[in-house]
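In what follows, a single structure is set out as structure tokens and then discussed.
Bear in mind that the values here come from a model prediction, so they are computed numbers and not experimental data. Numbers for residues simply follow the sequence, beginning at 1.
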Amino acid sequence: MRNKVKSSVAIALSAMMVFTALSTAPDADAASKTKKITLSATKKTLTVGAKFTLKVKKVKPAKANKKVTWKSNKKAIATVSKSGVVKAKKAGTAKITATSKSNKKVKATCTVKVKEKSKVNNVQKPVQTPIATPPAVPSNTPAATPEVPATTVPTPVPTPSITLPEDSLKENAAFNVGTVINYDKTQDVNFTALAKQQFDVVSFENEMKGYSLLDTEASMAGDGTPVCKFEQADGMVEWAIANGLKVRGHVLIWEASMAESFFHIDYDKEKGLVDKETLLKRMESYEMQVITHFESKYPGTVIAWDVVNEAIDTDSKTKVDETTGLHLYTTGKFYQIIGGDYIKYAFEYANKAVAATGADIQLFYNDFNCFQAPKTDYIKELIKYLNADPANPLLDCMGMEGYVLFEWPGPNPVKQAMEAFADCGVKVGINELCVRLNDQLASGKTVSEKDIAAHAEMYKKMFTAYCTFAQEHPNTLTNVSIWALFDRPDLIGNTEHYDYGVYGTHSGLFTAEFEPKQAFFNVIEVLKEKGGN
């Protein structure tokens, strides 16, 4: 969730194309030497023990090599793995540097501030002292005045300090409305009140990913079976239950979010990679453990899983996988060890785990900017591959992430992609929607009222498209989940980074002070008018 995400978008401006960090549109030209790299974050605050993944989100020129080496200047404070997974060790500040492998002079940094864990955790429910049944009193004994037993004084529940909107997104939509959260959000009483009022479902940024759930040390000491640790994710699921929310599981099998030790002999990164048979056994055990754990402990709460994430490669120079005929990323270890059919194995194991629970859990393939050609067609090929046997389809739903600007791509390409996937016989979910501001603002231009109005108008157009699709395809749209729900004033002035710079300061439905913006009211207006019913 969000460890959580996670890759760039293309934008037509006049006679030139400007590429954002999430675009992977193919280019026939040969890869150019890297001149600049941009990371998925330039600043990050973590608590001790927390993790997050840094990624190269943008390079210049657009088709340059994205491969980098990672380094921390203070490993005692924060470490970084070869795949960019940053782990907070102790309080302090460290700089994580990515150096381009194709041009050692090109670097980018992320400043990581590590804080000690708060000693105040979740508010505990008051513990009631059991009242013992008094012994029987003989009938001839005078009745005594009953003694009032002592009771435990309940712990005061914090009161939200915000005024909630009068309207609710979930109350006006025919489909589930959700958002993406991290652990810290569950500790915020104001956010909790807002989430309870506005949403049906939540996804976790990082807390259900492999690097969060796999217990490497315990796995190393065991019999070869992966061992999981669920404490933090369990706490978040319990928070969701307490506030009437369902959960979307994100994500089971994804190279960028799986613990690196998962691929190595004895879970030891100093040893070589495991063979295909061993990795398949680990995959099957891991998926079975994760899916059955949450369903058995919290029945009916985790209603969906992203089984595989971001596996489609649209680079024209990448060869089609011979085994599957699919356009896949070939650099990940799942692919290198197993081959392209690792995706099919992942869905087979997930279906087996769901069947073991007897629950109705929807299984998704999830990817970003699926509305871009030829990605839409490549994903259609993947859907057909997974559901080739009509008696035993493996994929239930297609999950779409969309990071759009207020003048691109517009709602039509998105709706067309949704319709293309629905025509393949699967449901569709908008798992991450973020509307960001014009890239020209990254040059330092002040955000104007006109810009903010255009941003709000794009939200209106996108939800109009979603509602229209839901009306035209009943029971097909599973959810629309908002990513970057709040503005980020801490990023004002960070004009270097497309994803978290000026965009982040004005991308949300709410201000950082929980005030609803015009974008929120525009979405409410559309839902009241169309609703998706």
Side-chain angles (χ1 to χ4, degrees), residues 162-180 193-203 244-246 248 370-371 397-423 427-438 449-487 506-511 514-533:
I162 61 172
T163 301
L164 294 172
E166 293 183 3
D167 287 306
S168 166
L169 296 169
K170 70 178 183 180
E171 296 299 331
N172 289 287
F175 43 82
N176 284 336
V177 182
T179 190
V180 184
L194 184 68
K196 183 175 183 178
Q197 182 202 38
Q198 295 294 325
F199 302 116
D200 303 285
V201 63
V202 291
S203 303
L245 295 157
K246 300 295 185 182
R248 293 193 70 265
C370 308
F371 49 79
C397 310
M398 177 61 214
M400 300 174 62
E401 297 178 1
Y403 302 85
V404 301
L405 307 183
F406 59 59
E407 71 276 78
W408 182 90
N412 289 338
V414 175
K415 183 171 180 288
Q416 289 168 4
M418 295 170 70
E419 291 170 342
F421 301 143
D423 289 343
K427 294 185 178 182
V428 179
I430 307 300
N431 292 342
E432 292 183 17
L433 168 68
C434 178
V435 178
R436 302 179 299 182
L437 295 181
N438 191 315
E449 291 299 322
K450 182 178 179 181
D451 295 325
I452 295 174
H455 163 262
E457 183 64 20
M458 178 55 85
Y459 261 112
K460 182 175 183 179
K461 290 178 180 178
M462 296 303 294
F463 268 83
T464 298
Y466 299 148
C467 290
T468 302
F469 173 83
Q471 291 171 335
E472 296 172 352
H473 301 268
N475 303 314
T476 302
L477 181 58
T478 61
N479 64 285
V480 176
S481 295
I482 308 297
W483 187 85
L485 185 65
F486 299 95
D487 289 344
H506 292 279
S507 62
L509 293 183
F510 296 86
T511 69
F514 292 86
E515 291 292 332
K517 296 169 56 181
Q518 186 59 47
F520 171 81
F521 295 114
N522 281 5
V523 173
I524 288 291
E525 178 185 343
V526 173
L527 292 176
K528 285 186 173 182
E529 179 183 351
K530 295 182 174 293
N533 291 302

Report summary line: So CG of D200 and OG1 of T478: to nearest 0.5 Å the spacing works out to 11.5 Å
Query raised in the report: If every non-hydrogen atom of C370 is compared with every non-hydrogen atom of A417, which pair is closest and at what distance?
Result: O-CB, 4.0 Å
Query raised in the report: So K170 and F199, side chain to side chain contact (heavy atoms under 4.5 Å, CB included) or not? Walk me through it.
Result: CA-CA 5 Å; K170 70 178 183 180; F199 302 116; 5.6 Å; no
**Report entry** Derivation and outcome, side chain to side chain contact (heavy atoms under 4.5 Å, CB included), residues I162 and L164
**Finding:** CA-CA 6 Å; I162 61 172; L164 294 172; 3.9 Å; yes
Query raised in the report: Taking side chain as C-beta onward, heavy atoms only, is P409 less than 4.5 Å from V404?
Result: yes
Report task. Would you check if the side chain of H455 reaches a backbone N or O of A519 as a donor-acceptor pair within less than 3.5 Å? Result -> no
Requested in this report: State, with a plain yes or no, whether a side-chain heavy atom of T476 is found less than 4.5 Å away from one of F469.
Outcome: yes
Query raised in the report: Quick one: CZ on F175 to NZ on K427, what's the gap to the nearest 0.5 Å?
Result: 14.5 Å
Query raised in the report: For the side chain of S168 and the backbone of Q197, is there at least one donor-acceptor N/O pair under 3.5 Å apart?
Result: yes
Query raised in the report: Between F371 and G402, what is the shortest heavy-atom contact and its length?
Result: CE2-CA, 4.5 Å
Report summary line: Only residue of L477, V428, V177 satisfying side-chain contact (heavy atoms from CB on, under 4.5 Å) with Y466 is L477
Requested in this report: Output yes when a side-chain donor or acceptor of N176 lies under 3.5 Å from a complementary backbone atom of V201, and no otherwise.
Outcome: no
Query raised in the report: Side-chain contact, heavy-atom cut-off 4.5 Å: L509 with Q198?
Result: no
Query - Salt bridge present between E419 and K415 (N-O < 4.0 angstrom) - result: yes
Query raised in the report: Atom OG1 of T163 and atom CG of L194: how far apart are they, to the nearest 0.5 Å?
Result: 11.5 Å
**Report entry** Between CD1 on residue I430 and CE on residue M398, distance to nearest 0.5 Å
**Finding:** 9.0 Å
Report summary line: Smallest heavy-atom separation, N522 atom then A456 atom, equals ND2-O, 3.0 Å
Query raised in the report: Yes or no on side chain to side chain contact (heavy atoms under 4.5 Å, CB included) for N431 and M400, after CA distance, side-chain angles and deciding distance?
Result: CA-CA 6 Å; N431 292 342; M400 300 174 62; over 6 Å; no
Report task. Rounded to the nearest 0.5 Å, what's the gap from SG on C467 to NZ on K530? Could you check? Result -> 7.5 Å
Query raised in the report: Taking Q518 for the side chain and I452 for the main chain, is one N or O donor matched with an acceptor at less than 3.5 Å?
Result: no
Query raised in the report: Are any side-chain N or O atoms of T179 and backbone N or O atoms of I482, one a donor and one an acceptor, separated by less than 3.5 Å?
Result: yes
Query raised in the report: Of all heavy-atom pairs between P413 and G410, which one has the smallest distance, and what is that distance?
Result: CD-O, 3.4 Å
Query raised in the report: Within the side chain of D487, is there an N or O that forms a donor-acceptor pair under 3.5 Å with the backbone of G508?
Result: yes
Report task. State whether the side chain of D167 and the backbone N or O of F521 hold a donor-acceptor pair below 3.5 Å, judged by distance alone. Result -> no
**Report entry** Spatial distance of atom CD (E525) from atom NZ (K460) [nearest 0.5 Å]
**Finding:** 4.0 Å
Query raised in the report: After noting the C-alpha distance and the side-chain angles of F486 and F514, does the key distance pass the ring-ring contact (aromatic ring centres under 6.0 Å, His included) rule?
Result: CA-CA 8 Å; F486 299 95; F514 292 86; 5.0 Å; yes
Query - K196 atom NZ: more than 12 heavy-atom contacts under 6.0 Å - result: no
Report task. Just do the side chain to side chain contact (heavy atoms under 4.5 Å, CB included) check on V202 and K246 with the steps written out, would you? Result -> CA-CA 6 Å; V202 291; K246 300 295 185 182; over 6 Å; no
Query raised in the report: With a 4.5 Å limit on heavy-atom distance, are the side chains of F421 and C397 in contact?
Result: no
